[in-house]
Amino acid sequence: MDNQKTYYFHDPESSRKSRSNDLKKEHQKEAEFTVALAGNANVGKSVIFNQLTGSEQIVGNWPGKTVEMAEGKLNFQGHDMHIIDLPGIYSFSTFSMEEIVSREYIAYEKPDVVINVLDASVLERNLFFTLQLMEMEVPLVLCVNQMDIAKQKGIIIDTKKLEKALGVPVVPTVAVRGEGLQELVKTALKVAEHKKDCKKAVKYDAIEYGGELENRIRDLAEMIDSEKLDLDYANWWMAIKILENDPEIKKLVASKSHKIIQYADQLAYEIEKIHHEPTFAVMASERYALANKIAAGAQIQTEIKISFSERLDKVLTHPFFGYITSAMVIGGLLLWTFVIGGYISDQMTSFFNFFQPVPTSETDPLYAILWNGAFGGLVAGLTLIVPFVVPFYILLSYIENSGLLTRVAFMMDTFMHKIGLHGKALIPLILGYGCSVPAIDSTRILETRRERLLAAFAITFAPCAARTIIILSLVAIFVSIWWALALYALDILIIFIMGKLALKAMPGESTSLIMEMHSLRVPSFSVILKQTWNRTKSLIYLVFPLFIVGSAIIQLFYVLGVLNIISDFLTPLTVSWLGLPAFAGVLLLLGIVRKEFILLTLVSFVGTDLALALNSTQFIVLAIVGMLYIPCLSTIGILIREFGWKAAGTITAANLITAFIVGGLFAHILPYIL
Amino acid sequence: MSAKDVLSESIEEYLEVLYKLSKEDPLVKTSKISESLNIAPGSVTQMLKKLDSMGYVHYSPYKGAVLTENGLIKAQKVTRKHRLLERFLYDVLKIKKDKVHAQACEMEHVLSDDAERALCHLLEQPDECPDDLEPIPACNFKFTTCEECKERSNEEIDEVGDRNEKLVSIADLNEHEMGKVSFIRGDYKVIRRLMDMGITIGANISVLKIAPFKGPVEVSVRGSTLALGRDIANNVFVEQTV
Ligand SMILES: Nc1nc2c(ncn2[C@@H]2O[C@H](COP(=O)(O)OP(=O)(O)OP(=O)(O)O)[C@@H](O)[C@H]2O)c(=O)[nH]1
Ligand SMILES: [Mg+2]
């Protein structure tokens with residue numbers, strides 16, 4: 001499916017395994033059992049996966065985080081298990097990438113057991129998917145997760161009754177607290193062992209649809225069986241899919257036998273005559289009728305509780321307050337980062353104030369490289385980056401896990417339509433405040449390539465953490481916080497204008513919003529800590545060495561005089577048009593690797609008191625250009641991976657042009673204002 | 001044109017205006033109608049009385065008129081024909097936007113039901129008119145999805161028959177109102193996605209929230225909460241229940 005995809009740079013969340021098929025086969029050979037986690041979106045699959053394997057898959061309270069499958073290992077009671085985290089889906093049709101990924105994985109790779117994770121508070125809808133897994137005749141364990149949330153809503157589930165109704169083992173869990181996971185793995189192991197022993201497809205008696213339907217499915221399944229198609233899917237399931245007019249399966253079967261398709265068309269016509277509905281609609285109704293029956297038999301709604309989260313929800317989607325809270329989510333994230341980050345940064349700077357770069361001309365070059373370069377890089381990283389990034393990640397993770405994002409998406413849907421996208425596209429955009437790479441990754445929650453490209457384009461202009469650091473440490477500290485906030489406002493305006501332009505360049509039909517709104521909740525403390533730590537860790541492990549080595553190399557070049565050549569070459573742009581000092585050329589060139597380098601290089605040139613080198617206008621212009629001028633290397637990398645060279649090139653060019661136009665304008669106008 | 005035709009045309013014009021105005025407030029004031037149609041209030045009152053006697057509205061002097069169920073069904077039908085024709089004039093014949101309304105007003109009265117269905121197929125189930133982006137009401141055939149309608153020939157259509165119940169799109173419900181899904185408009189893909197998420201024919205659905213500025217509609221169905229963009233909400237039709 002995705003074997004042409006390759007690893008891309010550095011970010012923790014992007015290290016989601018993109019695997020080649022051979023690689024995976026090898027993994028599987030090692031492991032005794034393969035266990036796949038499948039279910040609706042946002043039920044807690046990745047939380048369970050992370051708990052079992054110690055991996056770092058993104059979790060959050062909005063549907064569609066896991067877009068590609070992830071793999072990990074677990075050793076349980078001496079058994080090596082290979083665990084797969086599948087993207088969340090509602091059905092096995094073939095409209096989205098996620099559905100195809102999950103369906104083909106289950107059909108072709110035949111995991112030894114599928115753990116179907118369910119949201120206990122929305123049992124009926126979740127069972128609709130369970131029934132489809134049963135149609136596929138895969139070995140199954142049900143994990144009824146989020147039992148705590150169900151309880152809050154006043155729903156009590158009798159898992160024993162559920163087990164009996166379905167004929168499938170059921171384990172209740174609260175994944176965020178690890179409750180029930182031991183039992184879950186134990187049960188899965190039992191099912192997997194049983195499957196290895198008898199090696200047959202599993203028939204489930206629980207699924208029984210209306211007679212006129214059931215008989216026709218059976219007839220068709222028998223015909224498929226007698227034709228010996230040798231396909232990877234279960235006959236019963238294929239029969240249903242053909243009747244449902246599933247284009248992929250129909251094509252697959254048609255290439256082997258036309259007789260089946262003809263017969264199926266006739267059967268489908270008969271069903272449609274009886275029900276006055278297309279067969280897929282009849283099937284959906286039947287499955288839901290059964291799901292409803294089973295759910296009703298196994299759950300009790302004790303009392304209709306209006307929980308705190310529902311009350312909060314009223315405010316968040318209120319026609320007036322909804323917009324205020326939406327603005328607060330976006331603005332508050334920045335303000336919080338600045339206030340908390342600024343405080344910590346101040347403390348750390350005064351701790352490190354013994355650090356002053358030495359003049360290179362007077363000292364030993366090696367000493368300058370080590371002190372100004374390597375140590376300077378470390379100090380800059382510690383004082384300017386960590387203090388801002390940590391509080392930022394904490395709040396971002398809080399917002400992600402609370403369910404606020406879907407509310408903001410709901411409120412802003414109309415607005416997003418103005419740039420050709422629907423409300424859900426706002427989620428990747430807000431994630432872009434963290435890092436463009438996972439944000440572009442999550443544009444896959446959008447339906448078409450065109451929409452994903454539009455969203456990715458907008459994301460390259462969004463103020464990611466690195467840009468935030470630049471804006472805060474250049475403008476907020478040395479000019480004023482109001483100018484920093486104004487730059488954010490400017491950035492949002494630019495996103496909007498560029499979005500409009502992109503829409504002009506890529507006109508087309510836009511998809512409408514269909515999104516599940518999961519209940520708001522107080523995020524689990526441990527999930528937030530873990531997520532923040534993972535993000536910070538990658539910064540420290542991957543980026544700090546880069547800073548230290550990078551700064552040393554910059555100093556080396558400085559000592560050797562190479563930098564002057566670059567600076568001189570770029571002076572028409574940097575000095576004449578943007579009004580910056582000549583060394584800005586070097587800053588911008590290095591900033592392509594990572595935007596933080598703009599700041600680091602600056603510090604290694606002039607020390608931490610940047611006001612010695614730049615005036616207010618220059619701070620603002622440098623921040624604007626730094627913010628807009630180019631996506632960093634990792635972002636360009638993922639743009640190429642997702643959209644190809646041409647699109648990546650166009651986006652990069654658009655960034656450059658915008659940055660230099662806006663930066664130049666400010667350079668010429670600001671002196672009259674400041 | 002005979003006097004009878006003139007009368008029925010003007011009845012249809014009144015119903016159309018009543019339908020449009022009743023979206024804001026079910027009780028439509030005489031003055032508003034007279035304003036919209038540019039007809040003296042006296043004549044409007046006359047006509048409303050006549051419509052009342054025909055069973056299309058309930059008319060109360062000095063207050064105004066409310067469409068009856070029969071009136072609503074007829075009003076929806078004319079409005080639908082009008083808006084379909086607007087789309088046809090604009091999309092196919094490329095007539096200018098500001099001219100389609102007047103032209104459609106002339107044509108709507110003579111469009112047969114067969115032609116209406118064919119037009120709907122030709123235009124691929126349009127859901128809003130081109131000039132003011134108002135939603136096009138659903139058709140009156142007893143189909144549950146457009147997929148089914150596309151499959152049926154003109155000969156088979158009599159078998160299907162007419163819908164007797166009044167249909168409302170969920171976008172026209174108020175917050176906390178409910179209904180039973182009975183018709184979904186759109187192509188295969190949209191219908192399937194909705195059905196996969198629980199919005200099947202016959203499902204009970206209730207509106208939780210309607211976002212301002214033609215924003216999405218939040219609904220509750222089968223215990224889950226979904227947000228549907230306004231254009232999709234316009235295409236999900238229910239029989240209202242209490
Ligand atoms: N209260 C509570 N929250 C849970 C539980 N399990 C998961 N969550 C939360 O539910 C949200 C969704 O969890 P994920 O693991 O990201 O869900 P997923 O199934 O992987 O979702 P997709 O990848 O989007 O399909 C997160 O915010 C979790 O913290 C639980 O048992 N109780
Ligand atoms: Mg996940």
Side-chain angles (χ1 to χ4, degrees), chain A residues 40 89-93 95-96 119 121-126 128-129 153 155 244-245 269 272 275-278 280-285 287-289 291-292 295 301 313-314 317-320 322-323 406 409-415 417 422-424 447 511-519, chain B residues 127 141-152 156 159-161 175 181-184 186-204 208-236:
Chain A
N40 284 178
I89 53 175
Y90 296 95
S91 124
F92 282 118
S93 49
F95 293 132
S96 65
D119 177 347
S121 65
V122 194
L123 195 58
E124 181 178 332
R125 224 271 323 289
N126 278 258
F128 178 76
F129 182 71
K153 287 191 184 169
I155 300 169
E244 282 185 329
N245 211 359
Y269 185 77
E272 281 161 27
H275 287 268
H276 287 299
E277 268 185 72
F280 74 84
V282 178
M283 277 306 302
S285 297
R287 283 193 199 109
Y288 266 116
N292 177 283
Q301 175 89 45
D313 216 355
K314 286 226 170 77
T317 52
H318 185 275
F320 175 69
Y323 291 107
T406 46
F410 177 79
M411 292 308 286
M412 302 298 280
D413 183 58
T414 309
F415 180 77
H417 272 290
H422 57 61
K424 241 198 305 188
E447 285 77 5
T511 322
S512 305
L513 179 76
I514 303 181
M515 173 178 69
E516 189 175 1
M517 309 268 279
H518 295 90
S519 48
Chain B
D127 51 14
F141 300 110
K142 209 171 174 178
F143 288 117
T144 51
T145 63
C146 294
E147 285 297 299
E148 189 60 14
C149 178
K150 279 191 277 184
E151 299 266 305
R152 295 287 163 253
E156 285 172 299
E159 247 176 79
V160 176
E175 288 178 11
V181 179
S182 33
F183 175 65
I184 306 178
D187 63 7
Y188 178 67
K189 245 171 128 163
V190 176
I191 298 175
R192 270 218 77 163
R193 274 184 67 207
L194 290 172
M195 291 191 166
D196 284 342
M197 310 222 22
I199 305 182
T200 53
I201 303 301
N204 289 312
L208 300 177
K209 194 149 281 173
I210 300 174
F213 309 121
K214 292 204 170 179
V217 176
E218 190 183 332
V219 299
S220 159
V221 65
R222 299 183 187 278
S224 75
T225 309
L226 303 177
L228 304 177
R230 184 62 64 96
D231 39 354
I232 288 193
N234 278 333
N235 288 340
V236 177

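These numbers come from the heavy atoms of this one structure, side chains and all, not from hydrogens, waters or symmetry mates. Chain identifiers are assigned alphabetically (A, B, ...) following the order of the sequence lines, protein sequences preceding nucleic acid strands; residue numbering begins at 1 within each chain.
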Checklist line | Heavy-atom pairs under 4.5 Å with chain B, option from Met517(A), His276(A), Glu272(A), His422(A) with the top count | finding: Met517(A)
Margin query: I need the residue from Pro216(B), Gly198(B), Gly215(B) with the largest number of non-hydrogen atom pairs under 4.5 Å to chain A.
Written below: Pro216(B)
Notebook entry, point to check: Is the NZ atom of Lys142(B) crowded by more than 12 outside heavy atoms at less than 6.0 Å?
Noted result: no
Margin query: Taking every non-hydrogen pair under 4.5 Å, which of Leu226(B), Thr145(B), Ile191(B), Asp196(B) racks up the most with chain A?
Written below: Asp196(B)
Checklist line | side chain to side chain donor-acceptor pair (under 3.5 Å): pairs with one or both residues in residues 218-229 of chain B, sequence neighbours excluded | finding: Glu124(A)-Arg222(B), Arg125(A)-Ser224(B), Thr200(B)-Arg222(B)
Check: Would you call Glu447(A) and Lys189(B) a salt bridge, using N to O less than 4.0 angstrom?
Finding: no
Next item on the list: Answer yes if the side chains of Asp127(B) and Asn235(B) hold a donor-acceptor pair under 3.5 Å, and no otherwise.
Entry: yes
Notebook entry, point to check: Of the listed residues (Ala289(A), Ser91(A), Gly423(A), Pro278(A)), which shares the most heavy-atom pairs with chain B below a 4.5 Å separation?
Noted result: Pro278(A)
Notebook entry, point to check: Do the side chain of Ser512(A) and the main chain of Asp231(B) share a donor and acceptor less than 3.5 angstrom apart?
Noted result: no
Next item on the list: If the plane angle is over 60° it's perpendicular, under 30° parallel, otherwise tilted; pick one for Phe280(A) and Tyr188(B).
Entry: perpendicular
Checklist line | Winner by heavy-atom pair count (cut-off under 4.5 Å) against chain A, out of Lys214(B), Arg192(B), Glu147(B) | finding: Arg192(B)
Next item on the list: Sort Lys209(B) into side chain, backbone, both or neither according to what part of it lies under 4.5 angstrom from a heavy atom of chain A.
Entry: both
Notebook entry, point to check: Closest approach of Met515(A) and Phe410(A), non-hydrogen atoms and distance?
Noted result: CE-N, 4.3 Å
Item checked: Structural part of Tyr288(A) lying under 4.5 Å from a heavy atom of chain B -> both
Checklist line | Segment of Asn245(A) engaging chain B (4.5 angstrom heavy-atom cut-off) | finding: both
Check: Is chain A contacted by the side chain of Val181(B), its backbone, both, or neither, given a heavy-atom distance below 4.5 Å?
Finding: neither
Margin query: If I measure from the heavy atoms of chain B, does Thr406(A) come under 4.5 Å with its side chain, its backbone, both, or neither?
Written below: neither
